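Working notes, beginning with the structure itself.
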2 protein chains.
Amino acid sequence: MSSPPLAAARRATITDVAREAGTGKTSISRYLNGEMSVLSPELRARIEAAIERLDYQPNQMARGLKRGRNRLIGMLLADLTNPYTVEVLQGVEAACHALGLMPLICHAANEVEMERRYLQLLTTYRVEGVIVNALGVREETLRPVGGGGIPAVLVDRSVDGLVADMVGLDNRAAAELGTRHLLENGFDDIWFVVQPFEQVSSRQLREAAFREVMSREGHESRISGKGEGGTNLGKGEGSNGGARGHTLVLNLAEPAAVERALAELDRAIDAAGDPGGAMARAMATGSAARNTLDDATSNSADDATGNAAADAARKASANATGKARRIALFAANAPVALCLALHLKARYGADWQARVALLSIDDPEWAELTGVTTIRQPTYEIGYRAVEFLHERIEGIQTTARDCLLPGELIVRASTSR
Amino acid sequence: MSSPPLAAARRATITDVAREAGTGKTSISRYLNGEMSVLSPELRARIEAAIERLDYQPNQMARGLKRGRNRLIGMLLADLTNPYTVEVLQGVEAACHALGLMPLICHAANEVEMERRYLQLLTTYRVEGVIVNALGVREETLRPVGGGGIPAVLVDRSVDGLVADMVGLDNRAAAELGTRHLLENGFDDIWFVVQPFEQVSSRQLREAAFREVMSREGHESRISGKGEGGTNLGKGEGSNGGARGHTLVLNLAEPAAVERALAELDRAIDAAGDPGGAMARAMATGSAARNTLDDATSNSADDATGNAAADAARKASANATGKARRIALFAANAPVALCLALHLKARYGADWQARVALLSIDDPEWAELTGVTTIRQPTYEIGYRAVEFLHERIEGIQTTARDCLLPGELIVRASTSR
DNA sequence: CTGTTAGCGCCTTCAG
DNA sequence: CTGAAGGCGCTAACAG
């Protein structure tokens with residue numbers, strides 16, 4: 001009986017409520033803002049009733065316009081496809097919830113142009129602050145943010161021109177943790193695989209730390225996969241510390257580059273030999289590689305079932321100089337790890353882990369399923385802290401830019417454990 | 001030289017620009033709204049300059065307040081952890097982008113209370129519409145939406161009290177596609193595993209379709225896992241069509257319930273026998289089950305390496321009545337599939353797929369890696385269409401509530417292919 | 001305790 | 001072509 005008409009009736013305004021309650025707008029406003037002590041119980045009751053009757057809900061836009069703060073913060077995400085991002089988001093949401101903030105989530109989906117537009121949008125909506133997980137950002141694009149503009153805090157990576165709080169993984173420590181683990185478990189060749197890192201501070205730090213640890217421990221290391229050929233492999237066999245380090249750049253945005261880099265990797269793996277006899281086993285059980293990714297290195301004319309596998313096996317046995325070298329891949333993050341795993345599975349069959357070990361920063365849901373060793377980031381806390389920082393800035397704190405580096409946790413799984 | 005002061009200066013308003021340009025606010029407003037034909041080139045140039053000089057950006061809140069529309073739409077998500085959700089989101093973003101809408105993303109994180117609060121928040125921000133991927137919603141909680149309230153379109157599932165457009169997977173067809181595939185590939189026992197489906201229409205439809213196809217094909221089927229015991233298994237062996245269907249409810253929100261359900265599944269699997277000799281192989285290679293999930297059914301005192309596996313193998317051989325039955329699991333969505341896969345891997349070792357086949361609706365990134373067969377939803381399109389529908393509603397279209405059912409695509413992988 | 005009076009930043013008649 | 005005036009829904013001094 002009291003249900004409103006079906007046509008989308010205009011929402012009630014504060015004026016309507018005032019009229020309905022037989023009072024002025026001010027009292028309604030006071031009620032809305034919880035200034036109960038200043039309202040006679042009688043008036044208060046009338047207001048309550050009126051609000052109920054009209055199903056009134058205050059217009060946040062108008063409130064914001066008036067008081068100059070709208071409790072909105074922007075959350076700019078580089079890539080929601082990355083589980084890391086979703087996890088951080090959970091922390092952000094929890095913190096916002098606790099602090100009475102409302103996050104506007106903007107997903108740049110790996111496009112710089114989107115990033116620019118969203119940033120622009122956020123400022124025109126007058127959010128009180130932004131927390132930014134930026135992709136390659138030139139200072140230019142986020143001029144409105146940070147320093148002289150609206151408060152900002154960076155997540156996972158810093159941006160060159162911009163001074164602002166930042167919270168993320170302790171990349172140096174994490175990379176060292178992983179490298180040490182691989183070294184201690186006796187791997188002979190360690191490939192650090194990472195996306196192009198010129199633009200992204202966290203990748204830079206991880207790569208640099210990897211290289212530093214390797215050399216500090218007396219192992220040699222070099223970079224490849226950046227230019228065209230990547231043929232600077234196979235030289236300088238005379239390593240001193242035993243293990244060899246190698247950085248491989250994997251540009252996931254460019255299929256051709258990915259293919260080239262993976263081909264280089266394959267050559268190295270084939271050259272290393274087949275310690276566990278994985279190839280033979282894989283081919284015997286019939287669960288061998290179906291070569292789904294175009295693989296430039298395999299052009300043999302074997303039967304369709306396992307040509308890549310057969311090819312690899314041949315090379316391996318031909319190459320066997322005696323004892324095989326144990327090889328491990330250290331992925332700089334989950335997307336890289338996934339790409340590697342998919343490729344390896346396609347090339348070496350379901351049993352690929354017997355041949356190559358995989359360790360990854362980030363701990364995606366499939367890691368446990370696959371038995372891949374990982375370094376889990378404290379994602380939830382990263383998100384939570386970011387909002388706390390931002391909140392302090394919004395409240396006017398004037399500290400100099402802070403960095404919050406949280407430690408990662410090594411989760412050892414079958415892939416690297418003996 | 002022209003960089004603004006470091007202190008966060010108050011943003012310029014339309015009044016500032018008018019003064020700076022030596023004109024009235026009206027002309028600025030006209031410029032902002034692209035009414036160029038009504039401005040003398042000279043004035044227009046002055047305005048342009050003033051805007052540039054002041055780095056002016058119109059306040060969207062104020063605009064919205066005035067004209068009554070703010071180009072904001074709400075996007076209420078049940079669970080961002082589910083890859084399905086992220087994929088749909090991509091479509092939504094693309095469509096919003098194309099239509100000049102800005103989605104406010106709200107993540108309920110599987111909590112009904114959050115859902116209620118966000119819905120409330122969205123309406124107080126006067127979004128022009130909402131697209132809702134609801135979790136268990138009582139009509140009550142979204143009273144402000146649909147029918148008499150703000151335009152809404154449902155994604156993936158419908159809500160009982162609410163009449164609104166809805167777009168999602170053609171669940172009947174998808175479930176039939178999967179079931180048929182399993183039947184045709186000669187599986188003897190098919191378990192349809194699904195989260196509690198009373199509240200969620202899509203789950204209901206999938207389950208019902210599964211059961212219907214089974215019986216239409218002349219196979220029997222029954223439900224279990226809903227109550228306490230779930231001991232209604234093992235009766236009525238006399239099936240007519242050969243294959244047996246079974247629905248298992250897996251309440252992921254309750255660990256105890258999960259454990260019980262999985263235990264029932266284990267019993268069935270053990271009873272079915274070991275067609276491929278998977279157990280023996282797994283134990284031999286040393287990659288056998290490390291029992292990470294607490295498994296209530298395994299309490300043998302074997303060595304720590306493979307107690308569950310050994311236990312299972314013993315039961316299996318003891319149970320072998322001659323020819324083993326081939327068993328397949330049909331997961332109603334990705335979260336269920338992941339839970340099953342993790343459990344099976346823990347119990348039967350890395351080679352678990354030789355023993356049980358897994359087919360899942362949804363196509364998460366780990367499916368390809370694991371070789372699990374899936375039915376991929378047209379997620380991107382679902383999101384895109386949802387926004388299109390909503391946009392039409394916002395523009396005032398008056399059609400009766402529409403349903404858009406998109407087909408799923410079967411992706412056959414090793415798990416079920418012979 | 002309560003109502004009146006100004007705006008917040010912008011858009012929209014309506015006269016110049 | 002251009003500008004002045006009024007108001008969107010709400011809050012914040014000021015008086016009563």
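Just so we're on the same page: letters track the sequence lines, and every chain starts at 1. Keep in mind it's a predicted model, so treat the numbers as computed, not measured.
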Task: Contacts of type side-chain contact (heavy atoms from CB on, under 4.5 Å), residue A:Y380, not counting sequence neighbours - done: A:Q90, A:A94, A:Y384

Report, one line per pair, each donor and acceptor closer than 3.5 Å where one atom sits in a side chain of residues 76-83 of chain A; sequence neighbours left out.
{"from": "A:D79", "atom 1": "OD1", "to": "A:T81", "atom 2": "N", "distance (Å)": "2.9"}
{"from": "A:N82", "atom 1": "OD1", "to": "A:Y84", "atom 2": "N", "distance (Å)": "3.0"}

Open item on the list: Taking any atom closer than 4.0 angstrom to a non-hydrogen atom of chain A, what span of DNA chain C does the protein reach, first nucleotide to last?
Closed with: C:dC1 to C:dG9

Task: Residues which pass side chain to side chain donor-acceptor pair (under 3.5 Å) with A:E392, listed by chain and number, not counting sequence neighbours - done: A:R402

Task: Protein proximity profile, nucleotides 9-16 of chain D - base contact B, sugar-phosphate-only contact S, no contact -, cut-off 4.0 Å on heavy atoms - done: BBBBBB--

Open item on the list: I'd like to check the side chain to side chain donor-acceptor pair (under 3.5 Å) partners of A:S27; sequence neighbours left out, ordered by chain and number.
Closed with: none

Task: Whole-angstrom distance between C:dT5 and D:dG6, as gauged at atom P - done: 15 Å

Task: Basic-acidic side-chain contact under 4.0 Å: B:R69, B:E395 - done: yes

- [ ] Using the test side-chain contact (heavy atoms from CB on, under 4.5 Å), find all partners of A:Q398 that sit at least two apart in sequence or belong to another chain.
- [x] none

TODO: Name all pairs fulfilling the salt bridge (Lys or Arg N to Asp or Glu O under 4.0 Å) condition that reach into residues 32-45 of chain A, sequence neighbours left out, sorted by first residue then second.
DONE: A:E42-A:R46

Open item on the list: Using a heavy-atom cut-off of 4.0 Å across all strands, would you classify A:S37 as base, sugar-phosphate, or nothing?
Closed with: sugar-phosphate

- [ ] Go through DNA chain C and write down every stem, that is, every run of at least three consecutive Watson-Crick or G-U wobble pairs with distances under 3.5 Å, as range with range.
- [x] C:1-4 with D:13-16, C:6-16 with D:1-11

Open item on the list: Just to verify, what does B:Y31 make a side chain to side chain donor-acceptor pair (under 3.5 Å) with, not counting sequence neighbours?
Closed with: B:E48

Task: Phosphate OP1/OP2 of D:dT2: any B:T23 side-chain N/O under 4.0 Å - done: no

- [ ] Report the residues that fulfil side-chain contact (heavy atoms from CB on, under 4.5 Å) with B:I73, sequence neighbours left out, ordered by chain and then residue number.
- [x] B:C96, B:L101, B:P103, B:I131, B:L390, B:I394

Task: Residues that A:R126 engages under side chain to side chain donor-acceptor pair (under 3.5 Å), provided they are two or more places apart - done: none

